[in-house]
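Following: one structure in structure tokens, then a few remarks.
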Amino acid sequence: MSAPRRPDSPADPHGDTEDDTEPALPAGMLEALYSRPSRARTALVVVPLLAGLAVAAYVGSTLVWPGDDEPAASSTTGTDATGVTCWNGDVKTDERSCVLPTGRAGLEHVFPSFDPEQQTCRDELVENPQFKRPAMWTCDVELAGPVSITYSQVSGAKAARRYFGDLHGVEPVKDRSSSGVRRDRWRTSEVDGAKNPRLWSGSVLVRGAPYAVTVTAQRRADVGRALDRRVQMRPLEELRVAAPDSSAQG
């Protein structure tokens, strides 16, 4: 099942052909989503309004994200006799010297549920070069119905919160993921302009690190199920260091 494209986006020469499975979202849905610059325009794409802010706000993933938590003193993940092995394979004296994960490899490290080798995913920055954030991928999965999950590295906490507030029309609540990660969460809301079928979306923004997820689905209950059960994220104290269950990335 291929990820939906904007109606005005060029076809991906390496994308699905007519012989592939039918798109996850019915015909006419994207036209409804992108018919006006409203919440619908960006329901399947996280933080497009941040594009203009990203260049000014993003100065490198080596910077400490505002509110970044101190790593747990007892954490030994990725540690050896000479220091720690960072998520990208670098060896540093301590984990605070490791850069924050960035790019596709960074998103794969931060979100173990993001697996573009096994899922139908697309790089939103290739499909939509006007989006200027560090990393942004959308994957299609199936729950009770078709679901799109967009994983993003964002550039500014305040701008991201403002965007998600506009997208969903509500204030966020604070919650925790199954792994204990603190998040700002925007409850499931109906996507404006999507009538056939109706669409629902919800988002989370990690507190203490520049990562966000938006889920869009035809069934309202699938949004919460995906955010709570399908999306996985490493604890903050493990973000900068190599995963214990995989070899270091180069």
Side-chain angles (χ1 to χ4, degrees), residues 1 3-7 23-54 111 113-114 122 124 128 131 133 136-178 181-207 210-233:
M1 168 172 53
R5 294 190 178 88
R6 293 171 56 94
L25 303 180
M29 178 179 300
L30 292 184
E31 287 76 4
L33 283 174
Y34 296 106
S35 61
R36 54 182 174 145
S38 65
R39 288 188 282 168
R41 182 182 180 89
T42 55
L44 298 179
V45 181
V46 177
V47 205
L49 293 184
L50 297 179
L53 300 173
F111 299 104
S113 56
F114 169 52
R122 66 183 178 116
E124 294 289 355
N128 302 281
F131 301 153
R133 61 210 64 89
M136 183 177 177
W137 283 74
T138 296
C139 299
D140 289 335
V141 300
E142 284 282 342
L143 294 179
V147 175
S148 292
I149 303 176
T150 300
Y151 300 90
S152 288
Q153 179 184 359
V154 299
S155 302
K158 290 183 178 180
R161 290 189 181 96
R162 183 168 58 249
Y163 169 75
F164 287 126
D166 291 340
L167 177 64
H168 299 295
V170 295
E171 292 296 317
V173 297
K174 293 178 173 56
D175 80 344
R176 289 180 181 267
S177 70
S178 59
V181 176
R182 296 179 301 124
R183 311 179 299 185
D184 286 335
R185 181 167 180 161
W186 286 262
R187 66 172 175 80
T188 302
S189 58
E190 187 172 4
V191 176
D192 287 347
K195 300 300 183 184
N196 186 25
R198 297 168 68 184
L199 289 178
W200 305 87
S201 68
S203 301
V204 294
L205 176 68
V206 177
R207 298 176 63 202
Y211 308 103
V213 178
T214 287
V215 171
T216 303
Q218 293 181 20
R219 297 174 180 267
R220 181 171 186 166
D222 279 349
V223 176
R225 290 191 186 104
L227 288 173
D228 291 331
R229 304 176 189 176
R230 186 59 69 94
V231 175
Q232 301 171 348
M233 181 179 172

Interatomic spacing from [atom1] in [X] to [atom2] in [Y] - rounded to 0.5 Å:
X: I149; Y: L143; atom1: CD1; atom2: CG; answer: 7.0 Å
X: S189; Y: L199; atom1: OG; atom2: CG; answer: 11.0 Å
X: M136; Y: S152; atom1: CE; atom2: OG; answer: 4.5 Å
X: R220; Y: D222; atom1: CZ; atom2: CG; answer: 12.5 Å
X: R198; Y: R219; atom1: CZ; atom2: CZ; answer: 13.0 Å

Could you go step by step and tell me if F164 and V204 meet the side chain to side chain contact (heavy atoms under 4.5 Å, CB included) rule? CA-CA 9 Å; F164 287 126; V204 294; over 6 Å; no

Search all heavy atoms of [X] against all heavy atoms of [Y] and return the closest pair with its distance.
X: Y211; Y: Q153; value: CE2-CG, 3.9 Å
X: S201; Y: H168; value: OG-CE1, 3.2 Å
X: R122; Y: N128; value: NH1-ND2, 4.1 Å

Testing V147, T188, D228 for side-chain contact (heavy atoms from CB on, under 4.5 Å) with V215, which one passes? V147

Are [X] and [Y] close enough that some pair of their side-chain heavy atoms sits under 4.5 Å apart?
X: T216; Y: V223; value: no
X: V154; Y: L205; value: yes
X: E124; Y: W137; value: no
X: D184; Y: R207; value: yes
X: C139; Y: F114; value: yes

Residue set satisfying side-chain contact (heavy atoms from CB on, under 4.5 Å) with S113, at least two apart, ordered chain then number -> F111, Y151, V231, Q232

With sequence neighbours excluded, tell me which residues meet side-chain contact (heavy atoms from CB on, under 4.5 Å) with R176. R182

Can you name the residues that form a side-chain hydrogen bond (donor to acceptor under 3.5 Å, both in side chains) with D175, not counting sequence neighbours?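 Per chain and number, D175 pairs via side-chain hydrogen bond (donor to acceptor under 3.5 Å, both in side chains) with R183, R185.
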
